[in-house]
Trainee: 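Have a look at the structure that comes next, please.
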Protein chains: 2
Amino acid sequence: MKSMVKHQHEARAKIIKAMAHPSRLFIIEELSKHERCVGELTDMIGADASTISKHLSVLKNAGLVADEKRANSIYYTLRCPCVMDFVGCVEDVLSANAKQHNEILKSCKK
Amino acid sequence: MKSMVKHQHEARAKIIKAMAHPSRLFIIEELSKHERCVGELTDMIGADASTISKHLSVLKNAGLVADEKRANSIYYTLRCPCVMDFVGCVEDVLSANAKQHNEILKSCKK
DNA sequence: TGGCTATTTGGCTATATTCCCATAGACGAT
DNA sequence: ATCGTCTATGGGAATATAGCCAAATAGCCA
């Protein structure tokens, strides 16, 4: 693989990897509706605040979210709402999987 | 986080995680143009055949690709072409990052 | 200033991922 | 049947990730 193409795929993979975690997906989805501060997200997810803070730093590092300090909280926002379209596509894959799974079950019963 | 919602995000994360690797992204992109067998992908990427085989099994396990044996090769195809739309969105994130980076550089020069 | 709250960082362990090598299995061709 | 090709699997080392706790930092408010 040529090195330029390789770099391109590494850069893309870095973004996708940042999304590839249940809590981070939850955060992305939540931020697509609302800006939220760390404490709110921590309460919603139910993990240690430091864990959520690290997840947010992964997302920020990938350029997926932006943060803004206000009062004594830091509010995070989704930088590119288009990532939510992707979730729809992932759901398509999941339902295709479920459909296939059902067909296999059916053919076994026969 | 409620357990049903949690399961949903875990299922989604599994799919996304399967995409979150440079070689696997390359494979997805390649398969969106062409069906390909393991040997072809191995040559293009330049890694051990067993490595590529494992990448393909990750993609297959996530339901992203399908395989079909023909002659003495196994041909892989992309099951949900919509995943390529996502790559476009990832590029949006990357160019937003680049733009921001440039603005920071500019403001430093002033 | 000193306490309070919100967030981040460092340290650590447990777990997961990636990659290569060696080997095994499948299958067509001779 | 045996060879050669193609693909998959097992093993193991190097590296990366996730999570918690403890401690540091930053800013508000009295």
Side-chain angles (χ1 to χ4, degrees), chain A residues 1 3 6-7 9-28 30-31 34-77, chain B residues 1 3 6-7 9-28 30-31 34-77:
Chain A
M1 187 160 26
S3 98
K6 196 179 161 194
H7 276 298
H9 286 90
E10 280 166 359
R12 290 175 182 174
K14 195 190 151 200
I15 310 267
I16 297 178
K17 198 183 289 186
M19 298 178 66
H21 186 285
S23 298
R24 294 200 291 267
L25 267 186
F26 175 88
I27 291 170
I28 287 172
E30 195 56 34
L31 295 186
H34 262 296
E35 65 170 18
R36 292 289 192 191
C37 66
V38 185
E40 289 172 326
L41 293 168
T42 299
D43 290 345
M44 286 186 242
I45 292 172
D48 196 89
S50 69
T51 298
I52 304 303
S53 174
K54 278 177 187 172
H55 282 313
L56 285 165
S57 99
V58 169
L59 291 172
K60 188 179 164 186
N61 207 261
L64 287 164
V65 304
D67 59 341
E68 187 194 348
K69 190 171 298 188
R70 247 178 15 248
N72 59 350
S73 290
I74 298 181
Y75 286 87
Y76 281 84
T77 52
Chain B
M1 188 165 19
S3 97
K6 197 179 161 194
H7 277 298
H9 286 90
E10 280 166 359
R12 290 175 182 174
K14 196 190 149 200
I15 309 267
I16 298 177
K17 199 183 288 188
M19 299 179 64
H21 185 285
S23 299
R24 294 200 291 268
L25 266 188
F26 175 87
I27 291 171
I28 288 171
E30 195 55 34
L31 295 186
H34 262 295
E35 65 171 17
R36 292 289 192 191
C37 65
V38 185
E40 289 173 325
L41 293 167
T42 300
D43 291 345
M44 285 186 245
I45 292 172
D48 197 88
S50 70
T51 299
I52 303 304
S53 174
K54 279 180 186 166
H55 281 314
L56 284 165
S57 99
V58 169
L59 291 172
K60 187 179 164 186
N61 208 262
L64 288 164
V65 303
D67 60 340
E68 187 195 346
K69 191 172 296 184
R70 240 166 34 237
N72 60 351
S73 289
I74 298 180
Y75 286 86
Y76 282 85
T77 51

Trainee: Calculate, to the nearest 0.5 Å, the distance between atoms OG1 and CD1 belonging to B/Thr42 and B/Ile52 respectively.
Mentor: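 Here the rounded value is 5.0 Å.
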Trainee: Between the protein and nucleotides 23-29 of chain D, list every N/O to N/O distance that falls short of 3.5 Å.
Mentor:
none

Trainee: Need to verify one output field. Residue with the more 5' nearest nucleotide on DNA chain D, A/His55 or B/Ile74?
Mentor: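 The residue mapped nearer the 5' terminus is B/Ile74.
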Trainee: So what is the end-to-end bend of the helix from C/dT1-D/dA30 to C/dT30-D/dA1, with 5 pairs used at each end and the value given to 10 degrees?
Mentor: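 Overall, the helix from C/dT1-D/dA30 to C/dT30-D/dA1 bends by 20° from one end axis to the other.
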Trainee: To the closest 0.5 Å, what do you measure between CE (A/Met19) and CG (A/Leu64)?
Mentor: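 Going from CE on A/Met19 over to CG on A/Leu64, the span is 6.5 Å.
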Trainee: Starting at OG of B/Ser23, measure out to CE of B/Met44 and round the result to the nearest 0.5 Å.
Mentor: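 CE of B/Met44 is found 12.0 Å from OG of B/Ser23.
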Trainee: Drop me the distance from A/Ile16's CD1 to B/Leu25's CG, to the nearest 0.5 angstrom.
Mentor: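 Between atom CD1 of A/Ile16 and atom CG of B/Leu25 there are 4.0 Å.
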Trainee: Can you find a side chain N or O atom of B/Tyr75 that sits less than 4.0 Å from OP1 or OP2 on D/dT7?
Mentor: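 Answer is no, no contact under 4.0 Å.
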Trainee: What do the steps show when you test B/Asn61 against B/Lys14 for side chain to side chain contact (heavy atoms under 4.5 Å, CB included), and what is the final call?
Mentor: CA-CA 10 Å; B/Asn61 208 262; B/Lys14 196 190 149 200; 3.7 Å; yes
Trainee: Indicate, with a heavy-atom threshold strictly under 4.0 Å, whether B/Ser73 touches base, sugar-phosphate, or nothing.
Mentor: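 Contact class for B/Ser73: sugar-phosphate only.
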Trainee: Can you tell me how far the CD1 atom of A/Ile27 sits from the CG atom of A/Leu56, to the nearest 0.5 Å?
Mentor: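 So the gap between those two atoms works out to 4.5 Å.
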Trainee: Under 4.0 angstrom, heavy atoms only, what part of the nucleic acid is B/Arg70 near: base, sugar-phosphate, or nothing?
Mentor: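 Touches nothing.
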Trainee: Can you check nucleotides 20-22 of chain C for protein contacts, nitrogen or oxygen pairs under 3.5 Å, and list what you find?
Mentor:
from: C/dC20; atom 1: OP2; to: B/Asp48; atom 2: N; distance (Å): 3.4
from: C/dC20; atom 1: OP2; to: B/Thr51; atom 2: OG1; distance (Å): 2.9
from: C/dC20; atom 1: N4; to: B/Lys54; atom 2: NZ; distance (Å): 3.2
from: C/dC21; atom 1: N4; to: B/Ser50; atom 2: OG; distance (Å): 2.7

Trainee: What contact category does B/Lys60 fall into here, base, sugar-phosphate, or nothing, at under 4.0 angstrom with non-hydrogen atoms?
Mentor: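 Answer is nothing: B/Lys60 stays at 4.0 Å or more from every strand.
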Trainee: With a 4.5 Å limit on heavy-atom distance, are the side chains of A/Glu40 and A/Glu30 in contact?
Mentor: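 No, too far: nothing below the 4.5 Å cut-off.
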Trainee: Of B/Arg24 and A/Val38, whose nearest nucleotide on DNA chain C comes first from the 5' end?
Mentor: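 Between the two, 5'-proximity favours A/Val38.
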Trainee: Taking the side chain as every heavy atom from C-beta outward, state whether B/Val58 and B/Lys54 have any pair of such atoms under 4.5 Å apart.
Mentor: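 Counting from C-beta outward, B/Val58 and B/Lys54 never come under 4.5 Å.
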Trainee: How are the rings of B/His9 and A/Phe26 set relative to one another: parallel (under 30°), tilted (30 to 60°) or perpendicular (over 60°)?
Mentor: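 The rings of B/His9 and A/Phe26 stand perpendicular, inter-plane angle above 60°.
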Trainee: Figure out the CG/P separation between B/Asn61 and C/dA16, and round it to whole Å.
Mentor: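 Checked: the CG to P distance equals 15 Å.
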Trainee: Could you state the interatomic distance from CG (B/Asp43) to CZ (B/Arg36), rounded to the nearest 0.5 Å?
Mentor: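 Rounded to the nearest 0.5 Å, the CG-CZ separation comes to 10.0 Å.
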Trainee: Check for a donor-acceptor pair, side chain of A/Arg24 on one end and backbone N or O of A/Ala18 on the other, with a separation under 3.5 Å.
Mentor: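 Answer holds: yes.
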